[in-house]
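Before any comments, here is the structure.
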Protein chains: 2
Amino acid sequence: MTDATQLKPDAFKVACSSCNLRELCLPVGLARPDLERLDALVATRRSVARGDMLFRAGDAFQSLYAVRTGFFKTCVSSEDGRDQVTGFQMAGELLGLDGISNDRHSCDAVALEDSQVCIIPYGQLESLSREFTDLQHQFHKIMSREIVRDHGVMLLLGSMRAEERLAAFLMNLTQRLQARGFSASSLILRMTREEIGSYLGLKLETVSRTFSKFQDDGLLEVKQRHIRIIDQDGLQQLINGAHC
Amino acid sequence: MTDATQLKPDAFKVACSSCNLRELCLPVGLARPDLERLDALVATRRSVARGDMLFRAGDAFQSLYAVRTGFFKTCVSSEDGRDQVTGFQMAGELLGLDGISNDRHSCDAVALEDSQVCIIPYGQLESLSREFTDLQHQFHKIMSREIVRDHGVMLLLGSMRAEERLAAFLMNLTQRLQARGFSASSLILRMTREEIGSYLGLKLETVSRTFSKFQDDGLLEVKQRHIRIIDQDGLQQLINGAHC
DNA sequence: CGGTTTATTGACACTGTTCAAGTCAAGTGG
DNA sequence: CCACTTGACTTGAACAGTGTCAATAAACCG
């Protein structure tokens with residue numbers, strides 16, 4: 001099993017302190033001196049081509065990764081080959097937190113388009129967060145936020161119907177895209193129907209049918225992976241108990 | 001909204017260093033000096049009567065809690081009143097990690113039997129983990145483990161059928177009970193069929209029926225909340241793709 | 001005890017899955 | 001440039017698994 005961390009790290013350096021994602025990423029809220037120390041830590045980027053894996057379940061854990069550009073999915077699989085997409089990650093979001101528990105990654109991270117990540121060596125992050133309270137606290141918040149997010153997905157998987165799931169998924173995506181300066185009403189899906197279905201606990205046919213239904217109901221315009229949201233309130237109502 | 005943390009903390013002190021749960025709880029793997037500093041941090045216990053809440057969504061976050069005796073559930077709920085049990089916690093397990101992200105708890109923690117928890121003031125835990133590498137690392141592992149656990153639940157909710165879910169649930173419970181010195185084959189459920197159902201994304205009737213089916217198939221003996229596992233391998237096979 | 005909660009079971013409805021066929025978009029190679 | 005291939009998507013019809021509703025039984029608690 002190859003250690004993905006070592007593969008072709010890009011030579012050039014990057015600085016958190018001048019990164020346009022710093023308000024969405026690990027450095028949120030850090031003051032100047034902390035930020036400059038972080039620059040030293042997050043020294044290299046790595047490119048991951050569409051379809052390639054950043055890491056896979058079983059790989060030794062050494063680093064966290066911050067998505068700089070592109071789009072990822074993470075998936076876990078059980079022994080009998082079932083697998084489940086556990087999340088989609090976009091710019092500014094962290095990958096690899098699962099690896100801390102066992103010193104091995106427990107899921108695969110796959111690039112859904114050509115992407116770049118910043119490599120955050122975990123040991124160094126621990127050291128630095130012993131020095132800087134704010135960094136420590138921020139890191140803990142990010143882990144906690146991931147737990148809270150996961151609980152939200154459990155709620156979705158455990159108690160929502162297909163339409164509600166897809167509506168919640170779309171609202172979540174657009175909200176995150178909007179925070180990154182993209183349109184609130186128009187988006188291009190980076191993942192297939194099957195990947196959406198896996199994330200939402202549905203079959204790809206059900207995802208496809210539900211997209212079609214949303215289109216018929218005048219909520220969306222769907223052209224393959226191009227989605228235009230026509231009735232945002234309508235979608236929101238779907239999530240909030242407008243059952244039937 | 002009351003701050004649950006302040007309610008009736010028990011007067012007597014406890015010491016992690018002499019706690020019989022220390023190999024399952026936050027102190028795992030800590031050396032003597034660290035352990036003694038932890039004693040100072042985890043100064044008080046609190047009793048929570050069956051049915052009472054340790055904290056609820058929206059409460060200010062100040063402390064983590066380690067279950068000392070008893071049994072808890074955590075649940076999140078959406079605006080429209082749907083709710084989802086996100087986990088069951090037994091002795092040695094930590095509660096409250098969700099609160100770090102926002103300085104507010106995002107779920108309710110309810111005692112399913114009369115319980116005691118150790119109060120771990122979060123600010124002090126952060127301070128101490130800046131001093132002690134091992135404590136810091138252990139804490140990160142616990143958070144990461146929670147993330148990995150949540151991913152496992154997503155897999156269950158997203159891709160397993162009722163029987164598989166219940167089998168997986170029972171195997172997980174017995175494994176954790178066994179690690180605490182209880183029988184591997186006989187257990188008493190602390191939660192209702194409805195709570196199990198909420199956790200597993202099933203209705204209580206389906207849980208009940210599935211228990212009955214397991215009994216008919218000779219896998220279990222079920223008498224209300226008393227479960228005796230007759231065919232552990234059979235249950236395991238159910239989880240690992242013995243579909244149909 | 002007696003009322004309340006919890007659990008079991010049956011009949012039936014419904015949501016989502018399965019299987020299969022067909023469409024669409026984007027290559028690929030002759 | 002067109003025929004062909006391939007992967008992703010859509011749609012229909014039959015079906016299976018759960019959910020819903022309701023009636024009953026058993027256990028629990030004050």
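Residue numbers start from 1 in every chain, and the chains themselves are labelled A, B, ... in the order their sequence lines are given, proteins ahead of strands.
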Does [X] make a side-chain N or O approach to OP1 or OP2 of [N] shorter than 4.0 Å?
X	N	result
A/Thr206	C/dG16	no
A/Arg193	D/dT10	yes
A/Ser208	D/dA8	no

Expressed in angstrom and rounded to an integer, what is the separation of [X] atom [atom1] from [N] atom [atom2]?
X	N	atom1	atom2	value
A/Glu194	D/dA8	CD	C1'	10 Å
A/Lys213	D/dG12	NZ	P	14 Å
A/Arg161	D/dT20	CZ	P	9 Å
A/Arg82	C/dT17	CZ	P	14 Å
B/Leu220	C/dT8	CG	P	12 Å
B/Arg225	D/dA26	CZ	P	18 Å
A/His226	C/dA25	NE2	P	11 Å
B/Lys223	D/dC28	NZ	P	13 Å

Look at the side chain of B/Arg209 against the base of C/dG10 and say whether a donor-acceptor pair falls under 3.5 Å; ignore hydrogens and angles.
->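 Between C/dG10 and B/Arg209, which were checked side chain against base, a qualifying N/O pair under 3.5 Å is present.
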
If you only use heavy atoms from C-beta on, which nucleotide in [options] is closest to the side chain of [X]?
X	options	result
B/Ser212	C/dG16, C/dT9, C/dT6	C/dT9
A/Val222	C/dG16, C/dT18, D/dT10	D/dT10
A/Ala162	D/dC9, C/dG16, D/dT11	C/dG16

Whichever of A/Gln224 and A/Met160 has its nearest DNA chain C nucleotide further upstream toward 5' =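 The 5'-side residue here is A/Met160.
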
So which one's nearest nucleotide on DNA chain C is more toward 5', A/Glu163 or A/Glu205?
->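 Looking at DNA chain C, the more 5' nearest nucleotide goes with A/Glu163.
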
So what does [X] hit on the nucleic acid, given a heavy-atom distance under 4.0 Å: a base, only sugar-phosphate, or nothing?
X	value
B/Leu204	base
A/Thr192	sugar-phosphate
B/Arg50	sugar-phosphate
A/Gly197	nothing

Taking all atoms of both residues into account, what is the closest heavy-atom pair of A/Gly218 and A/Asp231, and its distance?
->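 For A/Gly218 versus A/Asp231, the nearest heavy atoms are O-CB, 3.9 Å.
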
Closest heavy-atom contact between A/Leu24 and A/Arg180?
->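 Closest approach of A/Leu24 to A/Arg180, heavy atoms only: CD1-CG, 3.6 Å.
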
Check the pair B/Asn20 / B/Arg68 against side-chain contact (heavy atoms from CB on, under 4.5 Å), numbers first and verdict last.
-> CA-CA 10 Å; B/Asn20 58 5; B/Arg68 178 151 169 70; 4.1 Å; yes

Parallel, tilted or perpendicular, as decided by the 30° and 60° cut-offs, for the rings of A/Tyr65 and A/Phe55 =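 A/Phe55 vs A/Tyr65 ring planes: parallel.
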
Reported CD-to-CD distance for the pair B/Glu79 and A/Gln236, which is rounded to 0.5 angstrom |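 Atom-to-atom, B/Glu79:CD and A/Gln236:CD are 7.0 Å apart.
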
Could you go step by step and tell me if A/Arg161 and A/Glu164 meet the side-chain contact (heavy atoms from CB on, under 4.5 Å) rule?
-> CA-CA 5 Å; A/Arg161 291 106 87 358; A/Glu164 299 169 330; 3.8 Å; yes

